[in-house]
Amino acid sequence: MCGVVGILARSPVNQAVYDGLTVLQHRGQDAAGIMTSDGSRVYLRKNNGLVRDVFHTRHMLALKGNMGIGHCRYPTAGCDTPEEAQPFYVNSPFGLALAHNGNLTNAAELKEELFRHDLRHLNTDSDSEILLNVLAHELHKVADIRLTPEHVFSAVSALHNRCRGAYAVVVMIQGVGILAFRDPHGIRPLVYGVRNAPTGPEHMIASESVALDVLGFQLVRDIAPGEAVLVDMVGRVHWRQCARETTLAPCIFEFVYFSRPDSMIDGISVHKTRLRMGERLARKIEREWPDHDIDVVIPIPDTSRTAALHMAYELNLTYREGFIKNRYIGRTFIMPGQAERKRSVRQKLNAIDLEFRGKNVLLVDDSIVRGTTSKQIIQMAREAGAKNVYFASAAPPVRFPNVYGIDMPVAHELIANDRSDAEICAEIGADRLIYQDLEDLIDAARGGNDKISQFDASCFDGVYVTGDVNKEYLRMIEVARNDSARSSRTEGYQLNFAGLDNRT
């Protein structure tokens, strides 16, 4: 999961792109990058780290021009070094820079095609560089010295024919404008907005609507599955549907965990979806556990707060904040290695004893992935004096890996894989475990847009909407994603990084 931003304005965009990335920092905390253009040259700064750490005053001053794109990276498999930070750039044709959120499921096949048939060299293992080179090759085939919107949309159509998986993309084309497009299933979000400046309209594309809000842009609409938008250098906006067959199937985990609650995705309020998730979970408790003895509902910060609050309201129970969060610790389910993951949970959360002592506590989290965090939090609640500790997940059991841009563990590292609810409850040490039903989760999300007939819920039901994910592919990502491989990549990066000089 990553965050992307593209802006074409009437004045320098360096600060605006930076501000957009800080708003989207929750989507990727591993690396960040910005590339801008002043019409004659492009300027790039990218590195590992948070947005605030990658960009200093000297870097910002060097990012010149009224057009730019930015990216904050989430560490998916194969993307672990500064060289794989985005945007990526190729100088032919025209000069293209690309930032990508998602994951190509046929990256290995495309890499072979690019080398053997397109005669293009790849410098990293990132599928985003593959995507950029596919686009560059298709543009080279159709364009002449003057690149028109027809040329651009033709190249995007050819890209859709070649690429599989999830991709929400912003592209800066030197001297032409900002291009954005979304895969034919619309798995990853992408929105377009505009604001009025004294000298004319300015345009912005971002992963979430909240980035538009903060920068004063008005949300115009989501980019549809398979659709492309090109904002040219004089501010004209060109739209085109570039895929032959499309189905809107947004990733439901965006609503469970990744997106900010103040965002709108495909016409759905993330905040209201999480309220409905809490309501439906409360109904399940009333239905299956009417004689419960819960004294207090306590969320595990931050994402579960909205669901937990409405759940407590529906059950007429007391809601309390029982954990204080250290906001400088990264998300634990993507950390390399179980030992580091266990350490980070204790560093991330601390219990307020008086909210637990002598009470039957219902802890609410957005989801349970490996179960490591849940197990330790339950133990922390007991150490704080809780009499009984019940646990509710606002999402169904996560039983399958995600292949569309979320670096969830392989199947055997998921606590719910091949385990019953009772076995999971015993494993995490809870006195009772309540999971959201998948039908209720889908209903909660669809409540914001009943025109959506399908969500990508593959991590819950194992149904991959692109139709090209088989056992062989899952075995391949298992090799790339397991804890030992993840630790090896991290150790290798640390050794390489230790040998670098102080280049910036």
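- At a threshold of 4.5 Å between non-hydrogen side-chain atoms, the residues Met204 and Leu215 count as touching.
- Rounded to the nearest 0.5 angstrom, Lys46 NZ and Cys72 SG are separated by 14.5 Å.
- Tyr404 is not listed as a side-chain neighbour of Asp183, based on a closest heavy-atom distance of 4.5 Å or more.
- The side chain to side chain donor-acceptor pair (under 3.5 Å) check on Thr105 picks up Asp468, with sequence neighbours excluded.
- For residues 152-173, every residue pair satisfying the ring pair (Phe, Tyr, Trp, His ring centres under 6.0 Å) rule, not counting sequence neighbours, is listed here: His160-Tyr167.
- The side chain to side chain donor-acceptor pair (under 3.5 Å) check on Lys375 picks up nothing, with sequence neighbours excluded.
- Taking 4.0 Å as the cut-off between side-chain N and carboxylate O, Arg27 and Glu208 count as a salt-bridged pair.
- Salt-bridge formation is detected for the pair Lys141/Glu138: a Lys NZ or Arg NE/NH1/NH2 atom is positioned less than 4.0 Å from an Asp or Glu carboxylate oxygen.
- The 12-atom threshold is not exceeded at CD of Glu472, counting heavy atoms of other residues, nucleotides or ligands nearer than 6.0 Å.
- The two residues Ile378 and Ile428 have their closest heavy-atom pair at CD1-O, 3.4 Å.
- Taking CD1 of Ile69 as the start and OH of Tyr89 as the end, the distance is 11.0 Å to the nearest 0.5 Å.
- For the pair Lys111 and Asp125, the minimum side-chain heavy-atom distance is below 4.5 Å.
- Considering CZ of Arg432 and CD1 of Ile434, their distance stands at 6.0 Å, rounded to 0.5 Å.
- Under the 4.0 Å criterion applied to side-chain N and carboxylate O atoms, Asp437 and Arg287 are assigned as salt-bridge partners.
- At distances below 3.5 Å, not a single donor-acceptor pair connects side-chain atoms of Ser154 with backbone N or O atoms of Glu150.
- For the pair Val170 and Leu179, the minimum side-chain heavy-atom distance is 4.5 Å or more.
- The shortest side-chain heavy-atom distance between Met277 and Val256 falls under the 4.5 Å cut-off.
- Inter-residue side-chain proximity for Ile285 and Leu362 is flagged as met; some heavy-atom pair is nearer than 4.5 Å.
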Review point. Please walk me through it: do Leu433 and Tyr435 pass side chain to side chain contact (heavy atoms under 4.5 Å, CB included)?
Key: CA-CA 7 Å; Leu433 174 63; Tyr435 271 114; 3.5 Å; yes
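- Residues Val169 and Leu98 meet the side-chain proximity criterion, which asks for heavy atoms closer than 4.5 Å.
- Taking 4.5 Å as the limit, some side-chain heavy atom of His412 sits within range of a side-chain heavy atom of Glu478.
- The backbone N or O of Ser263 lies less than 3.5 Å from no partner atom in the side chain of Ser209, so there is not a single donor-acceptor pair.
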Practice item. Apply the test side chain to side chain contact (heavy atoms under 4.5 Å, CB included) to residues Glu83 and Ser126: give CA-CA distance (whole Å), side-chain angles for both, the deciding distance (0.1 Å), then the verdict. Key: CA-CA 9 Å; Glu83 290 77 15; Ser126 171; over 6 Å; no
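- Remark: Tyr313 engages no residue in a side chain to side chain donor-acceptor pair (under 3.5 Å) (not counting sequence neighbours).
- The salt bridge (charged side-chain N to carboxylate O under 4.0 Å, His left out) contacts involving residues 264-274 comprise Arg182-Asp266, where partners must be two or more places apart or lie in separate chains.
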Point to revise | Working for side chain to side chain contact (heavy atoms under 4.5 Å, CB included), residues Glu129 and Asn123 | key: CA-CA 8 Å; Glu129 190 188 15; Asn123 202 46; 3.7 Å; yes
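- For the atom pair OG1 (Thr273) and CD (Glu254), the distance works out to 11.5 Å, reported to the nearest 0.5 Å.
- When the shell of 6.0 Å around CD of Gln241 is examined, it contains more than 12 heavy atoms from other residues, nucleotides or ligands.
- Look at Lys325 and Asp302 and you find a salt bridge, because one of the NZ, NE, NH1 or NH2 atoms lies within 4.0 Å of a carboxylate O, short of that distance.
- A salt bridge links Arg399 with Asp421; the closest basic N to acidic carboxylate O contact falls under 4.0 Å.
- Salt bridge Asp118/Arg162: present, at least one basic N to carboxylate O contact under 4.0 Å.
- Taking the six-membered ring wherever Trp is involved, the centroid distance between the rings of Tyr464 and Phe400 does not fall below 6.0 Å.
- Using a 4.0 Å cut-off between a side-chain N of Lys or Arg and a carboxylate O of Asp or Glu, Arg370 and Glu427 do not qualify as a salt bridge.
- Gln86 places a side-chain N or O within donor-acceptor distance of the main-chain N or O of His100, the cut-off being under 3.5 Å.
- A donor-acceptor distance shorter than 3.5 angstrom exists from the side chain of Arg276 to the backbone of Ala444, with no hydrogens or angles considered.
- For the atom pair CG (Asp456) and CZ (Phe253), the distance works out to 11.5 Å, reported to the nearest 0.5 Å.
- The aromatic rings of Phe455 and Phe255 sit perpendicular to each other, their planes meeting at more than 60°, with 30° as the lower class boundary.
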Exercise for review: Let me see the working for Leu212 and Tyr192 under side chain to side chain contact (heavy atoms under 4.5 Å, CB included), right down to the final yes or no.
Suggested key: CA-CA 8 Å; Leu212 306 182; Tyr192 163 76; over 6 Å; no
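- Atom-to-atom distance recorded for Phe258:CZ and Cys2:SG is 9.5 Å, nearest 0.5 angstrom.
- The closest donor-acceptor contact from the side chain of Gln25 to the backbone of Val51 lies under 3.5 Å.
- Annotation: side chain to side chain donor-acceptor pair (under 3.5 Å) contacts involving residues 439-448, sequence neighbours excluded, comprise Arg280-Asp443.
- Formation of a donor-acceptor pair under 3.5 Å by the Asn449 side chain with backbone atoms of Ile268 is not found in this model.
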